[in-house]
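The block underneath contains the structure these notes are about, expressed in structure tokens.
Both backbone and side-chain heavy atoms feed into the values below; hydrogens, waters and symmetry mates do not. So that the names make sense, note that chain A is the first sequence line, chain B the second, and so on, each numbered from 1. Source: prediction; values computed, not measured.
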Amino acid sequence: MHIIKQARWSPYWVGMGIGVLSWITFALMEKALGVSTSFVRAAGFLEGLVAESHVREAPYFVKYLGTAAEPGSVWDWQFSLVIFLVLGAFLAARLSGSVCRERVPALWVRRFGPSVGKRYFWAFVGGMILLFGARLAGGCTSGHGISGGLQLAVSSWVFMIGMGVGGILFARLIFGGKGGGHV
Amino acid sequence: MFENFFADPASLFLGAFTGLAFGFLLQKGGVTRYEVIVGQFLLRDFTVTKIMGTAIAVGAVGIYGMNALGLEFSFHIKQAALLGNLLGGLLFGVGMALLGYCPGTGVAAMGEGSRHAIFGVAGMLAGAAGYAEAYPVMKASVLGVFNIGKATLATVTGLSPLWFIVILVGAAVYVPIALGRWERKTALITGEKLQN
């Protein structure tokens, strides 16, 4: 029980855990770890509540959710995974007493000030760019980064190069070369 | 939108198990923290590299190993539409540096209690909806450029996957040693205490 209550585990052990988890999903579930497709399903579902005919005709939504004549499922294996990610992380944080209701991260405050609204706004914009990029690339850190990387997929390694370059350059741009002081 | 809403219960249960384990690991690994993700892009905190590198090396050994042993399961290689992979990756990096989470860690951060992650996740939904609108244009332009199908590093080079796995495992062993040295050095300079 001691380990369960530790706030942080070695990143190498966590990496091994995720690697082994991927063996299980591939070999026993015929699935690859991934997250971002579920955002397409969720967005399509929510949009469909107000404009179903549009969602049933938009080619990208049809790919995942089907047409009006042949509707596919919204809540599938990966969707379930994403919902339970919240619970898994909550349990992990709860067991070590590290649940924290962070509104504005300290590093952000030091660079952009303590405004909660400003942080929420840019978090929203960041999320938008993030998911648009993920869908353009065909996956995110899980689907491309981990699952694709370990399968040696060319698409995934190209994605990771893009992600590293984009992230490093943009972080430098907004935080300055000195990295915003001590983390 | 509610016809066929749920897939079969067995797959939902397996997905739930996977999500629980994955969320638990991400939180314990510290990647549900904004500072850890942004710190990686600022090259000050290498937690993300350590976790991903180890996961990829361990995963590759297992998947290709099981495959070589004759266990039957399918691979899930994504289309290499290289311009889309690259541009999407660049945008993804920008969004990740701004938000401080990726999709999986952002969702997990909500579980840890992060409030700004909720706005990030809402933004992700908007981004997904936006991409659905842009898709026909993307398909006609970006996605057709340098499209080499479901290629792997082994198929494009004609080399055995074993070579790449040896490199990955070698990197997974060597990089931690090199990073340890680097972190001790920067810690001496900045006077920070190391957590790992």
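- At least one donor-acceptor pair closer than 3.5 Å links the side chain of B:Asn4 to the backbone N or O of A:Pro71.
- Counting heavy-atom pairs closer than 4.5 Å to chain B, the top residue among A:Tyr64, A:Phe121, A:Trp108, A:Tyr12 is A:Tyr12.
- The candidate from A:Glu47, A:Arg41, A:Arg56 with the greatest count of non-hydrogen atom pairs under 4.5 Å with chain B is A:Arg56.
- For chain B, no part of A:Ser38 is nearby; none of its heavy atoms comes within less than 4.5 Å.
- Heavy-atom distances place both the backbone and the side chain of A:Val154 under 4.5 Å from chain B.
- With a 4.5 angstrom heavy-atom cutoff, B:Gln79 touches chain A only via backbone atoms.
- A donor-acceptor contact shorter than 3.5 Å links the side chain of B:Lys78 to the backbone of A:Gly138.
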Derivation of the ring-ring contact (aromatic ring centres under 6.0 Å, His included) call for A:Trp23 and B:Phe73: CA-CA 10 Å; A:Trp23 302 353; B:Phe73 61 90; over 10 Å; no

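- A:Leu95 places a side-chain heavy atom less than 4.5 Å from the side chain of B:Phe24.
- Looking only at side-chain heavy atoms (C-beta outward), B:Thr47 and A:Arg8 come within less than 4.5 Å of each other.
- Side chain of B:Lys28 to main chain of A:Ile4: a donor-acceptor pair is present (N/O by atom type, distance under 3.5 Å, no hydrogens or angles).
- Taking the six-membered ring for Trp and the full ring otherwise, B:Phe41 and A:Phe170 have centroids separated by 6.0 Å or more.
- Between B:Phe2 and A:Leu49, the closest side-chain pair of non-hydrogen atoms falls below 4.5 Å.
- A donor atom on one side chain and an acceptor atom on the other are found under 3.5 Å apart for A:Glu30 and B:Ser74.
- With a 4.5 angstrom heavy-atom cutoff, A:Thr25 touches chain B only via side-chain atoms.
- Using a 4.5 Å cut-off between heavy atoms, A:His144 contacts chain B through both its backbone and its side chain.
- The backbone N or O of A:Pro105 lies less than 3.5 Å from no partner atom in the side chain of B:Glu35, so there is not a single donor-acceptor pair.
- Looking at heavy atoms from C-beta onward, A:Asp76 lies out of side-chain contact with B:Ser11 at the 4.5 angstrom threshold.
- Contact of A:Ala7 with chain B is made through the backbone alone, with heavy-atom distances under 4.5 Å.
- In this structure, A:Leu152 and B:Leu168 have side chains that are in contact, with non-hydrogen atoms separated by less than 4.5 Å.
- Contacts of B:Pro136 with chain A are made by side-chain atoms alone, with heavy-atom separations under 4.5 Å and no backbone atom involved.
- If you measure heavy-atom distances from B:Leu143 to chain A, the contacts under 4.5 Å come from the side chain alone.
- For A:Lys63, the part lying under 4.5 angstrom from a heavy atom of chain B is the side chain only.
- If you measure heavy-atom distances from A:Arg119 to chain B, the contacts under 4.5 Å come from the side chain alone.
- For B:Leu71, the part lying near chain A is the side chain, with the backbone staying farther off; criterion is any non-hydrogen pair under 4.5 Å.
- No side-chain heavy atom of B:Phe92 sits under 4.5 Å from any side-chain heavy atom of A:Leu136.
- Side-chain atoms of B:Asn67 and A:Phe26, non-hydrogen and from C-beta on, never get closer than 4.5 Å to each other.
- Interface remark: A:Thr141 contributes backbone and side-chain atoms alike to the contact with chain B (heavy atom separation under 4.5 Å).
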Full working for ring-ring contact (aromatic ring centres under 6.0 Å, His included) between B:Tyr131 and A:Phe61: CA-CA 10 Å; B:Tyr131 185 74; A:Phe61 284 136; 10.0 Å; no

